[in-house]
Every structure is written in C-alpha cells, then in structure tokens.
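Contents: one structure, followed by commentary.
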Amino acid sequence: MTKSPSTLGIILFIATMIVFFIAYFFFSGIQYFDTSLKINAFVLPVLYAGVAFWSVKSHWNNHKMGFREAFKRSFVPMFIGGILSIFSIYAFLNFVDTDAKKLLNYQYVERQKSELDTEYQSARKILKHQKDIDELDQKYNERVQSFSPEAVKGKDMLTASHFSGYFAAILIFYVVLSLFFGAFFRTKTIHQ
C-alpha cells in the first residue's frame, strides 16, 4: 500500500517526537546534551532516510515516475516531519520545560570548554619552541575568558534564530538525499 508523502510526514513527525521524549524522559541528566547529539547524528538521519526511501520505493514498485516525482516523494515526508518536529521541540523547550533548556545550554558550554581544554593540552605537548608555547597560552587564556560565568550568562543556543539555522542545515540533508533518491528511482525512458 502506498501512502501519500504528507501522511508519511506526519508519521515521521510522530516518530521523531517519540524519539525526543524517550531521550527526554530516560536520558536527561548529566549526559543529556551528548545523548541528544548522538541521536541527532545517528538515529534521526537513519529514520528520515528510511522513511524517504520507503516513500519512493513503495510508489516506484507499481508506478513509473520521473525525477521530479521521485524527488517530491522523498523530500515532502522529511520536510513535513522535520518542520513539525522543529516547531514542537522549540515550543517544548522554550515554553513547557525551560529547565531542560537551561540544562542543555549549560552542558553545551561545558562541552565547548572541555573540548578547548583537550585541544590546548594536546597542542601544548607537541610544541617545542617557547615562543609557540607562549602564543598558544595567550590564545588559550583569551578563549577561556569567553567561558566565564559573566560571559555565558544569557547565552542561549535554543533561540528561534538558532533553530532556524539548525533547520537550514537539516534542509541541506533533505535536499541531497532527495536528489539521490530522485536520480536513482526515476524511470528511465528510451528516446528515439
């Protein structure tokens, strides 16, 4: 049975929200930010690619289609599922559970600071000349100041503009994947 791309988009939105709330209820804590990153990097792309593939493949089995239709059948479910998910997650974190938002912002800053410290320590080990070490120390000290409580107070990575940026990056994934599926599943015709 072939479902419409819009219906698959709604199903994808529901699946995304289930994944979000599983992470929220079972993994929010010390590693909430890292868990969210892993889910966004490994689970959701596979879920979205799977639904896009199923959308095109289920229609392709019984119908001839050109590039445009294959692209649309791939892109529309991902776009609908993604845009509804972004709006819902934004609303949840900014209006329903602002403590989760604060936790994610705090863990984001701590992760950035930890990565800076790790890079600094590894770079310091390989430098030989005192001039290079002094320059590295100066740059490190300047960068560490950006993590002071006064500097990070009021910083928010979960604003509407940041969510718009995240979605723009996600759209690139949707377009590339849809181009691939459109090219792969288009029915080739022989022109005489």
Exam field: side chain Thr98 to backbone Asn94, donor-acceptor pair closer than 3.5 Å = no
Do side-chain atoms of Ser28 reach the backbone of Phe25 as a donor and acceptor pair under 3.5 angstrom?
-> no
Would you call Leu171 and Phe75 a side-chain contact if the rule is heavy atoms closer than 4.5 Å?
-> yes
When every non-hydrogen atom of Arg186 is compared with those of Gly66, the smallest separation belongs to CB-C, 3.8 Å
For a ring-ring contact (aromatic ring centres under 6.0 Å, His included) with Tyr174, tell me which candidate from Phe180, Phe181, Phe79, Tyr48 qualifies.
-> Tyr48
Phe27 and Ile22: CA distance, side-chain angles, deciding distance, side chain to side chain contact (heavy atoms under 4.5 Å, CB included) verdict = CA-CA 7 Å; Phe27 299 106; Ile22 287 172; 4.2 Å; yes
Heavy-atom side-chain proximity of Met65 to His59 below 4.5 angstrom = yes
Kindly compute the distance separating CG (Asp97) from NZ (Lys102), expressed to the nearest 0.5 Å.
-> 10.0 Å
Take Thr7 and Ser4 through the test side chain to side chain donor-acceptor pair (under 3.5 Å) and record every step on the way to the result.
-> CA-CA 5 Å; Thr7 304; Ser4 76; 2.8 Å; yes
In terms of hydrophobic clusters joined by side-chain contacts under 4.5 Å, are Val46 and Phe42 together?
-> no
Is there a path of hydrophobic side-chain contacts, each under 4.5 Å between heavy atoms of I, L, V, M, F, W or Y residues, that connects Phe26 with Tyr32?
-> yes
Would you confirm whether Gln107, through its side chain, and Ile30, through its main-chain N or O, come within 3.5 Å as a donor-acceptor pair?
-> yes
Do the side chains of Ile80 and Ile10 get nearer than 4.5 Å, heavy atoms only?
-> yes
To the nearest 0.5 Å, how far apart are CG in Asp99 and CG in Leu93?
-> 11.0 Å
Got a sec: does the CZ of Phe163 have more than 12 other heavy atoms crowding it under 6.0 Å?
-> yes
Residue pair Ser58 / Lys3, side-chain heavy-atom distance below 4.5 Å | no
Single-linkage hydrophobic cluster, 4.5 Å side-chain cutoff, Ile89 and Tyr106 together = no
Lys/Arg-Asp/Glu bridge criterion (N-O < 4.0 Å) met for Glu69, Arg73 = no
Nearest heavy-atom approach of Phe71 to Val175 is CE1-O, 3.9 Å
Ile170 and Ile86: CA distance, side-chain angles, deciding distance, side chain to side chain contact (heavy atoms under 4.5 Å, CB included) verdict | CA-CA 10 Å; Ile170 293 168; Ile86 287 288; 4.2 Å; yes
4.5 Å side-chain heavy-atom contact, Gln121 and Thr118 | no
To the nearest 0.5 Å, atom CZ of Arg111 lies from atom CG of Leu116 at 13.5 Å
Ala52 to Leu177 - nearest heavy-atom pair and separation = CB-CD2, 4.4 Å
Transitively linked via ILVMFWY side-chain contacts under 4.5 Å: Ile83 with Ile172?
-> no
Can you tell me if Asp134 and Gln130 form a side-chain donor-acceptor pair at under 3.5 Å?
-> yes
Do Val176 and Val56 share a hydrophobic cluster, counting only Ile, Leu, Val, Met, Phe, Trp and Tyr and linking them when any side-chain heavy atoms are less than 4.5 Å apart?
-> no
Does a side-chain heavy-atom distance below 4.5 Å link Val51 with Ile11?
-> no
Between Tyr120 and Asp137, is a side chain to side chain donor-acceptor pair (under 3.5 Å) present by the stated rule, with each step listed?
-> CA-CA 8 Å; Tyr120 169 72; Asp137 289 343; 2.5 Å; yes
Identify whether the distance between the nearest side-chain nitrogen and carboxylate oxygen of Lys131 and Glu135 falls below 4.0 Å.
-> no
Would you say the side chain of Phe67 lies within less than 4.5 Å of the side chain of Leu179, judging by non-hydrogen atoms?
-> yes
Aromatic contact, Tyr24 with Phe92 (centres under 6.0 Å) = yes
Below 4.5 Å, heavy atoms only, C-beta onward: do Asp117 and Lys113 meet side chain to side chain?
-> yes
Can the ring centres of Tyr90 and Phe87 be said to be less than 6.0 Å apart?
-> no
Taking atom types as modelled, find out whether Thr159 and Ser161 have a side-chain donor-acceptor pair closer than 3.5 angstrom.
-> yes
Check Ala23 against Ile39 and note the closest heavy-atom contact, atom names and distance.
-> CB-CD1, 3.4 Å
For Leu44 and Val19, which heavy atoms make the closest approach, and how far apart are they?
-> CD2-CG1, 4.2 Å
Would you confirm whether Ser74, through its side chain, and Ala70, through its main-chain N or O, come within 3.5 Å as a donor-acceptor pair?
-> no
No-hydrogen, no-angle side-chain donor-acceptor test under 3.5 Å, Ser146 and Arg143 = yes
List the atom of Leu104, the atom of Ser36, and the distance in Å for their closest heavy-atom pair.
-> CD2-OG, 4.2 Å
Is Asn105 reaching over with its side chain to a backbone N or O of Met157, donor-acceptor style, under 3.5 angstrom?
-> yes
